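Order of listing sets the numbers, starting from 1, for every ligand and every atom in it. In this text, all values refer to a predicted model and were calculated from it rather than measured experimentally.
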Amino acid sequence: MKRIYLDYNATTPLNPEVLESMLPWLRESFGNPSSAHASGRCAAAAVDRSRVQVAELIDANADEIIFTSGATEANNTIIAHADGKIVAGGGEHSSVYEPALATGAVFLPLTRNGQLLQDALKKALEQHSPALVSLILANNETGVITNLDGVAKIVHDAGALLHLDAVQAVGKIPVNVQELNADFLSLSAHKIYGPKGVGALFVRRGIKLTPLIRGGGQEGNRRSGTHNVPAIVGMGVACTIARRKIDQYKEHCSALLEHLENQILKKIPDVTINGANEPRVSNTLNVSFTGLDAGLIATRLDMAGIEVSVGSACSSGRNSSSRVLEAMGLSRHESLGAIRFSLGWDNDAAMIDETVSKLAEIVETLRHADQAANVIKF
Ligand SMILES: Cc1ncc(COP(=O)(O)O)c(C=O)c1O
């Protein structure tokens, strides 16, 4: 049985071109970029080439890119850097939410459709005079794209810096740090067909970052630790491909996603599309199957060879309802029934048809079982 993977927001496979680019750095070219000799200089040049490729994806300067072990580290670095109160969005990934919570951050409410409430942001800026505002650009659970029109100005006028978590946005929508006027921005390679365990942090020129990880002074003393050269090289190539294929990706995923959404609405009663009516990235659909346990649906789908996610990947398995969906005002009941479908390059229409047909069967079986149980109870 060929499995159907619909969980590309959790991670993506390595693009073969990315893998090819990494191999020499895993084999013969093993130098440490911090070494002064030829092998070291060769590795340092590879890291710097990759830095340019990452910068190009978001229209930054190469010296504004710091390589990290992933977006979790990039996000934690910025939260730790903030010298004062933090205001964060209501739908932040746990790698912003958890460290921000520990500092006593203020979290903004979301609309029912998962959008930022700009009035709430203005109020929080007035009340708390924060040093940092941290917002997710595209939500990993719902795909909702945060409306940032005018946000940087509001934040800067209030004397705060703006951090954006762009992990689920790059490669899907244009991300331009000049237009966004962000001060910090986090990226991860494994969401864009690059390797796991590598990411990048954009820090606007002129801002002196307080490093989270200290030691050898790598990355201009902003992030210590020996460079993971193969992964960094792979990230650079993944960024170049993501940039080149952004329109093709959107075309491919949006047609499939629309088909998935239409088929679900047509074939399965009592479902809610979470984040409906808001602009969403082209690959993500979050659906509540009212009254059902999403964990049970996902397990049955998995048994049928179809892989989806319940809430975010990081919280699945904990059987807790989604913090993001609850911030949108969904009841615990609705949130517990939510499944995330996230599509990618390897999906096709036949996979979507197969998924909806299995899903309809599973939902019907579970609802019948519930009804039967209720009849027995009374
Ligand atoms: C929005 C968002 N931010 C941050 C992260 C963390 O990225 P990484 O896996 O590189 O640590 C993820 C990964 O799930 C994510 O979706």
Would you mind listing which atoms of ligand 1 come within a distance below 4.0 Å of any non-hydrogen atom of [X]?
| X | result |
| --- | --- |
| Ile136 | 1 (C) |
| Gly70 | 10 (O) |
| Asp165 | 1 (C), 2 (C), 3 (N), 4 (C) |
| Ala71 | 4 (C), 6 (C), 7 (O), 8 (P), 10 (O), 11 (O) |
| Asn140 | 1 (C), 16 (O) |
| His190 | 8 (P), 9 (O), 10 (O) |

Classify the contact between [X] and ligand 1 as side chain, backbone, both or neither, using a heavy-atom distance cut-off of under 4.0 Å.
| X | answer |
| --- | --- |
| Asn75 | side chain |
| Lys196 | neither |
| Thr72 | both |

Taking both backbone and side-chain atoms of Asn9, is any N or O found less than 3.5 Å from an N or O belonging to ligand 1?
no

Does the plane of the ring in Phe341 sit parallel, tilted or perpendicular to the ring in Phe289? Use 30° and 60° as the thresholds.
perpendicular

Determine the interplanar angle of the Tyr249 and Trp345 rings, folded into 0 to 90°, and report it as parallel if under 30°, tilted if 30 to 60°, perpendicular if over 60°.
perpendicular

Out of Val281, Ile352, Asn347, Leu343, which residue meets the side chain to side chain contact (heavy atoms under 4.5 Å, CB included) rule with Leu257?
Leu343

If we check side chain to side chain donor-acceptor pair (under 3.5 Å) with Asp353, which of these qualifies: Gln263, Lys358, His259?
His259

Between Thr272 and Ser288, does a side chain to side chain donor-acceptor pair (under 3.5 Å) hold up when you go through it step by step?
CA-CA 5 Å; Thr272 312; Ser288 283; 5.4 Å; no

Pair Asn61-Glu64, side-chain donor/acceptor within less than 3.5 Å
yes

Would [X] count as a contact residue for ligand 1, given that I'm defining contact as a non-hydrogen atom of the residue lying under 4.0 Å from a ligand atom?
| X | result |
| --- | --- |
| Ser95 | yes |
| Glu73 | no |
| Glu92 | no |

Under 4.0 Å between a side-chain nitrogen and a carboxylate oxygen: does that hold for Asp247 and Lys250?
no

Minimum heavy-atom distance Asn9-Asn140, with the two atoms named
ND2-O, 3.1 Å

Test side chain to side chain donor-acceptor pair (under 3.5 Å) on Asp183 and His156; report intermediate values, then the result.
CA-CA 10 Å; Asp183 301 292; His156 291 148; 2.7 Å; yes

